[in-house]
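These notes concern the structure reproduced below.
Lettering of chains follows the sequences in order, A, B, ..., and the numbering in each one begins at 1.
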2 protein chains.
Amino acid sequence: MTLKELSTLLGLSPTTVSRALNGYPEVREATRARVVEAARKHNYRPNMQAKRLATGRAMAIGHVIPATSRHEMVNPIFSDFLSGASEIYAEHGFSVNLTLARAGDQERTYRELHAQGAVDGIILHGPTMNDPRIAMLQDLGLPFVVHGRASGIDLDYAWLDVNNVRSFARATDLLVDLGHRRIALLNGLEQMDFAHRRRIGHEQALQRAGIACDPALMLSDEMTEDYGYRSALALLDRPDPPTAFLVAAIIPALGVQRALHDRGLRPGRDVSIICHDDDLSYLRNGGDLPIFTATTSSVREAGRRCAALLIEQINAPDSPKPQVLLEAALTIGQSTGPAPRRS
Amino acid sequence: MTLKELSTLLGLSPTTVSRALNGYPEVREATRARVVEAARKHNYRPNMQAKRLATGRAMAIGHVIPATSRHEMVNPIFSDFLSGASEIYAEHGFSVNLTLARAGDQERTYRELHAQGAVDGIILHGPTMNDPRIAMLQDLGLPFVVHGRASGIDLDYAWLDVNNVRSFARATDLLVDLGHRRIALLNGLEQMDFAHRRRIGHEQALQRAGIACDPALMLSDEMTEDYGYRSALALLDRPDPPTAFLVAAIIPALGVQRALHDRGLRPGRDVSIICHDDDLSYLRNGGDLPIFTATTSSVREAGRRCAALLIEQINAPDSPKPQVLLEAALTIGQSTGPAPRRS
DNA sequence: CTTACTATTCAAAGCGCTTTGGCTTTGCTC
DNA sequence: GAGCAAAGCCAAAGCGCTTTGAATAGTAAG
């Protein structure tokens, strides 16, 4: 069923039918009612491609998911982020154009999405330090919102980030207050901006507390369970093991927990763990009694808010670039406790 | 840069330029070279919307991700499935149209995607028993491939599934051989087809071994860590606790593991665990020594294969419907061992 | 009863690309 | 050199929708 068919069926011109359905004022209400009714009855749905071509708007948002080349790993937070964003897109009639791209392919992917006119805007995922994509997108003139930020980039762009410096500083403060002096940091990949900021926060807090940073306690890798497990084992087996772990995500924290169990240590009593918790739907940090003491910030909510910001940018490209800094909550769970006495 | 601009620039007709770029034979090789070179030089990318409208092909695959209404949970396997599928799509020039839909909205979503001409084909995720979507998609005449199958549906449709009956039967056999008699099944939601089949497999194996099914040991819910944890605690605290757990996914298995630790039990020695492992990139089942004994089947590989099947269906809609049954590997890990002697 | 609007409706021109049908050339054959 | 097929190129007609500019009907004002 096409517009034309529907219009001949109604004895109207395509113009009028189009206007009636799109809510334009220059059409009699009685006519509009007839048209809407007929459209419903014949199950008419405007052809998206045609609409897009005619309006020049793709009504689609591009998400380019970075897949790290090493493990072809896709960060599991994406499904929740997308889930949040989709809620907002749906309300505004946007659809999602998903592309997975290796680290090196990303710029090209963005360029193509734009040149093809496939999307009206883009969410930039996983910004690294000095991320070159930001300047590129700005040059292209394609509206975009960064989920995170990029240290070292001094441009005026739209972003939404968690205050990673503060949240990891607070977490470190908490551990220090509990008497911990040897605190391990199991960070994400250092080139990722969020990881960089978390390290800064951690180091600041240590410095304030007069504790020297021990590089041997600061690790950085893709945030898998296995990474948490192996790193924790290695650190625990050192002559001077850490008494606390600050971990970049709940999945590697589960690995740390497993390592503790392997060594007969109990989280929260023998060794403390704090992790960042993205509040993933399938990996909630326990119920009433959280498994982990954690810096919590819902990535699904971040998705919703990024989506809303992007749609604003698309509708008013010259409006000022929103910059939103969310604070993570510090939730006390079962995984922290006072540092054990030196034996 | 549009086709028309490029063609006047070259002193050719749009027709010829289009043909040159799309590899049609009726264009001189010298001309084609000129055109291709000019396109490259001017960074020409055909407008997707226009192309789609003209060809009637959307060059896009629809993925409708079911979000369970209760927890708005998005199954974490999707990111890996999509990652696999995307590899194949990219090779064939397809893009992904992602929609998240609540359980009730799914049919409507598929209908709209089709009526709008937004996609050329669909991957059907998370089939339930008697899934009504299959008949619907067949009626619509939209090519589709089901990831999984739907018991109770007697139509000829394309699917790719893991042999869930066999894999859970084998897992149960293994536990029985190890001497376990009280085996708990922490299944996914029962309306999901895969969960149904896994239960069947489990029950068949028990029956063959002459062990009565105890309904109290068979649970079913969304596969979260918390579900695994709480269920395991509850079961372990019964007067006649299970000595083994058969778990539908690695995430709830981690919850079971945590429950064991809470109760001072060691996986593999005091209580055995077998789980199904989708081989998620960020949650590998350990390295050389798998954490869990598991029935393993890569969901990323499933994504690749479903994508390939779907593209075949799109290119040859009347070809026979492929039906692929994959066998899961049974990998022995650290989480299983002989049933402890009755005290 | 005109005149001047305003409210409705429509015809037609795109949007950027593909594709059908036709028109020139070119290259052979006899 | 006439005759003919193949090769190479082009004009024009869409694809299904939006939107501009014009036409028509209806209505209030003069």
Side-chain angles (χ1 to χ4, degrees), chain A residues 1-36 38-39 42-60 93-95 112-120 315, chain B residues 1-36 38-39 42-60 93-95 112-120 315:
Chain A
M1 172 66 52
T2 71
L3 221 219
K4 203 167 158 191
E5 288 168 10
L6 188 65
S7 67
T8 52
L9 217 95
L10 280 160
L12 287 169
S13 76
T15 311
T16 305
V17 176
S18 168
R19 285 183 162 148
L21 292 173
N22 290 309
Y24 283 76
E26 55 272 80
V27 73
R28 216 198 320 173
E29 274 314 317
T31 311
R32 186 193 308 281
R34 255 181 72 216
V35 172
V36 169
H42 294 90
N43 200 33
Y44 167 75
R45 293 272 179 290
N47 177 298
M48 262 299 155
Q49 326 303 344
K51 196 163 187 162
R52 287 169 173 171
L53 181 57
T55 58
R57 296 190 61 173
M59 291 311 286
F94 283 90
S95 64
E112 297 213 329
L113 281 179
H114 178 246
Q116 288 176 169
V119 301
D120 298 317
N315 291 332
Chain B
M1 172 66 51
T2 71
L3 221 219
K4 205 168 155 192
E5 288 168 10
L6 188 65
S7 66
T8 51
L9 217 93
L10 282 160
L12 288 168
S13 76
T15 310
T16 305
V17 176
S18 168
R19 285 184 162 148
L21 292 173
N22 290 310
Y24 283 76
E26 55 272 81
V27 70
R28 213 198 323 171
E29 273 315 316
T31 311
R32 187 194 307 281
R34 255 180 74 215
V35 172
V36 168
H42 294 90
N43 200 33
Y44 167 76
R45 292 271 180 290
N47 178 299
M48 262 300 156
Q49 327 302 345
K51 194 161 187 162
R52 286 168 173 171
L53 181 57
T55 57
R57 296 190 62 171
M59 291 312 284
F94 283 90
S95 65
E112 298 215 328
L113 280 179
H114 177 246
Q116 290 175 169
V119 300
D120 298 317
N315 291 333

Relative orientation of the end axes in the helix from C:dC1-D:dG30 to C:dC30-D:dG1, expressed as an angle to the nearest 10° (five pairs per end):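 Rounded value for the end-axis angle: 50°.
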
Flag, side chain of B:Thr55 to backbone of B:Lys51, donor-acceptor distance under 3.5 Å: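 A pair under 3.5 Å: yes.
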
Please write out the pairs of protein N or O atoms and N or O atoms of nucleotides 6-11 of chain D separated by less than 3.5 Å, giving the distance to one decimal.
unit_1 : atom_1 : unit_2  : atom_2 : d
D:dC9  : OP1    : B:Arg28 : NH2    : 3.2
D:dC9  : OP1    : B:Thr31 : OG1    : 2.8
D:dC9  : OP2    : B:Arg28 : N      : 3.0
D:dC9  : OP2    : B:Thr31 : OG1    : 3.4
D:dC10 : OP2    : B:Ser13 : N      : 2.9
D:dC10 : OP2    : B:Ser13 : OG     : 3.2
D:dC10 : OP2    : B:Thr16 : OG1    : 2.8
D:dC10 : N4     : B:Arg19 : NH1    : 2.6
D:dA11 : N7     : B:Thr15 : OG1    : 3.3
D:dA11 : N6     : B:Thr15 : OG1    : 2.7

All pairs passing salt bridge (Lys or Arg N to Asp or Glu O under 4.0 Å) where residues 5-31 of chain A contributes a residue, at least two apart: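 The answer is A:Glu29-A:Arg32.
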
Between [X] and [Y], which heavy-atom pair has the shortest distance, and what is it?
X: B:Thr16; Y: B:Val27; answer: CG2-CG2, 3.6 Å
X: B:Ala58; Y: B:Arg52; answer: O-NE, 2.6 Å
X: A:Thr2; Y: A:Tyr44; answer: C-CE1, 3.6 Å
X: A:Leu3; Y: A:Pro14; answer: CD1-O, 3.7 Å
X: A:Ala118; Y: B:Gln49; answer: CA-NE2, 3.5 Å

Approximate separation, where rounding is to 0.5 Å, of [X] [atom1] and [Y] [atom2]:
X: A:Leu113; Y: A:Asp120; atom1: CG; atom2: CG; result: 11.5 Å
X: A:Thr31; Y: A:Leu10; atom1: OG1; atom2: CG; result: 9.5 Å
X: B:His42; Y: B:Leu6; atom1: NE2; atom2: CG; result: 7.5 Å

Residues that A:Arg45 engages under salt bridge (Lys or Arg N to Asp or Glu O under 4.0 Å), provided they are two or more places apart: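 Checked A:Arg45 against salt bridge (Lys or Arg N to Asp or Glu O under 4.0 Å); matches are B:Glu112.
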
Positions of residues 43-51 of chain B (non-hydrogen atom under 4.0 Å from DNA chain C), listed by number: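 Those residues whose heavy atoms fall under 4.0 Å from DNA chain C, taken from residues 43-51 of chain B in numerical order, are B:Tyr44, B:Pro46, B:Asn47, B:Ala50, B:Lys51.
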
Boundaries of the chain B footprint along DNA chain C (any atom under 4.0 Å from a heavy atom):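 Result: C:dG16 to C:dG21.
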
